[in-house]
2 protein chains.
Amino acid sequence: MEQAISFTEENYLKTIYSLARQDKGKIANLSIAEKLHINPATVTEMLKKLNEKNLIDYNRIDGAALTPQGEALALKVIRKHRLWETFLVNRLSFTWDEVHEIAEQLEHIQSDKLIRQLDKLLGFPKFDPHGDPIPDKNGQLPQSQTFPLVSVEEPGTMVKLVGVANHTTAFLQYLDKIKLSLNDKIEVKEIHEFDHSMGIRIANRTAIMISSEVARNLLVSNQ
Amino acid sequence: MEQAISFTEENYLKTIYSLARQDKGKIANLSIAEKLHINPATVTEMLKKLNEKNLIDYNRIDGAALTPQGEALALKVIRKHRLWETFLVNRLSFTWDEVHEIAEQLEHIQSDKLIRQLDKLLGFPKFDPHGDPIPDKNGQLPQSQTFPLVSVEEPGTMVKLVGVANHTTAFLQYLDKIKLSLNDKIEVKEIHEFDHSMGIRIANRTAIMISSEVARNLLVSNQ
DNA sequence: TTTAAGTTCCAGGCAAACCTAATGATCATT
DNA sequence: AATGATCATTAGGTTTGCCTGGAACTTAAA
């Protein structure tokens, strides 16, 4: 019994997956409704349907959690999304703030061979242009110990930008403006207690100031 | 007033375009219904809708014909389809009998920049893996004077395979089996009057027999 | 125990894309 | 000019997928 999954259903699974990452645990109806900008009643309906299809475990008290099948499907969609983003940036000269919407369409294309070959063409990338990990064909996420820049407490610390936690066009274009790119080295020069703003040097250039909000959205690793 | 076009509507436009190529002129309701395997009443409904949107000129007596806008849209979809097929074969190692269904999905992705960049990546190809002409970004089709092999009347004629008129998996796999590929040289050795079957030599190999049905679906050019 | 927050149930709606069955129009031929 | 064949249209449904608002319920905290 091959059950077809609609675009909408795939998007719900993706949303539940990403909320579960953040919130650790079962997902409330309302948080899905807010994220997707739809009515909570609509969410209830869909959650019941996904529960029927064994893609989530759902009850009114605990909320929703992906079943293994649901998680596999969510990871597959995420894999496709991130591979397509990588393709768009690496092969078709898109900038990192342009690719999300197109990838939202491309992620629903159904063809296992297509995604396998695309992965191969791109050289089996582990991270997409935003630094997000790309699940492999078995749904395994590459490990990376990243942390938000804002959590650095010692001036003088050197880190490397490996990802962003905010994918909005506005934020990405801000990074372009301050000429901060993935894999750039960042040295924390000063940390201001009162607002957690930071002075940083990017790739040994002149130091600049960034707000704690920005620092919160920059994911970095040691060295 | 940007009016959204659904997948289904795009498919109707494509169908009308291709029928107009064959049948020269206005398209009857019934021929669309047969091609898409749907009920004529359904077709009537959709044709009225497309007429409303000024994508076709339609009345019950003459049938349907694409307006300039409708033709431009049809050509755009065909362009996308054929560029994606080219990408799949040239970059992702697909065979020519595997690509149609995936391209049917990919052709509906909306992004002008995507298709422009894809075209560039592929080196602005003029023909897809089946030899079908790819419309350029202005909807212009490259010219090529091809004719079906079956129309050759003189034994000894040398031609080149430049396309196929039948895109079914069965036919394409038959061509693979007899090791006939695009751009192969074909020499017509003998023509049998009674059934129009032909003896041909492909790329100077041993001669083989093909039926007139096969010869009808092989598009060739001189030299 | 009351209230607020969250969830669900219910009734309903809407659009897209398809169907059947009956009716209507057109045309070729006699 | 009549007739029958063919094709198109109308009318009335169905299904799928998505959505809404409002009433009612549950739960947990004040």
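Just so you know, these numbers come straight off a predicted model, no measurement behind them. Residue numbers begin at 1 in each chain, while the letters A, B, ... track the order of the sequences. The figures here come from the full heavy-atom set of this structure, side chains too, leaving out hydrogens, waters and symmetry mates.
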May I have the distance from [X] (atom [atom1]) to [N] (atom [atom2]), rounded to whole angstrom?
{"X": "Arg60(B)", "N": "dT26(C)", "atom1": "CZ", "atom2": "P", "result": "7 Å"}
{"X": "Leu50(B)", "N": "dA17(C)", "atom1": "CG", "atom2": "C1'", "result": "13 Å"}
{"X": "Asn59(B)", "N": "dT9(D)", "atom1": "CG", "atom2": "C1'", "result": "13 Å"}
{"X": "Asp62(B)", "N": "dT26(C)", "atom1": "CG", "atom2": "P", "result": "11 Å"}
{"X": "Met46(A)", "N": "dT7(C)", "atom1": "CE", "atom2": "P", "result": "17 Å"}
{"X": "Glu45(A)", "N": "dA11(C)", "atom1": "CD", "atom2": "P", "result": "14 Å"}
{"X": "Leu47(A)", "N": "dG6(C)", "atom1": "CG", "atom2": "P", "result": "16 Å"}
{"X": "Ile32(A)", "N": "dC19(D)", "atom1": "CD1", "atom2": "P", "result": "13 Å"}

Could you check Asp119(A) against Lys137(A) for side-chain contact (heavy atoms from CB on, under 4.5 Å), going step by step and ending with a plain yes or no?
CA-CA 9 Å; Asp119(A) 194 18; Lys137(A) 63 178 180 295; 5.7 Å; no
Base, sugar-phosphate, or nothing for [X], non-hydrogen atoms under 4.0 angstrom?
{"X": "Phe7(B)", "value": "nothing"}
{"X": "Asn39(A)", "value": "base"}
{"X": "Thr8(B)", "value": "sugar-phosphate"}

For [N], take OP1 and OP2 only and decide whether either is under 4.0 Å from a side-chain N or O of [X].
{"X": "Lys49(B)", "N": "dA15(C)", "answer": "no"}
{"X": "Tyr58(A)", "N": "dT7(C)", "answer": "no"}
{"X": "Lys48(A)", "N": "dT8(C)", "answer": "no"}
{"X": "Tyr12(A)", "N": "dG17(D)", "answer": "no"}
{"X": "Thr44(B)", "N": "dT9(D)", "answer": "yes"}
{"X": "Thr42(A)", "N": "dT20(D)", "answer": "yes"}

Does the Gln105(B) side chain pair with the main chain of Ile102(B), one donor and one acceptor, at a distance under 3.5 Å?
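Pair absent, no side-chain N/O of Gln105(B) close to backbone of Ile102(B).
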If you take all heavy atoms of Arg79(B) and Ile134(B), which pair is closest and at what distance?
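Looks like O-CG2, 4.3 Å.
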Taking NZ in Lys113(B) as the centre, count heavy atoms belonging to other residues, nucleotides or ligands within less than 6.0 Å. Is the count above 12?
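Atom NZ in Lys113(B) is packed in, count exceeds 12.
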Heavy-atom distance under 4.5 Å between the side chains of Ile38(B) and Val43(B), does that happen here?
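They are in contact (side-chain heavy atoms under 4.5 Å apart), so the answer is yes.
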Just compare dG6(C), dC7(D), dG12(D) and give me whichever is closest to any side-chain atom of Leu30(A).
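Of dG6(C), dC7(D), dG12(D), dG6(C) is nearest to the side chain of Leu30(A).
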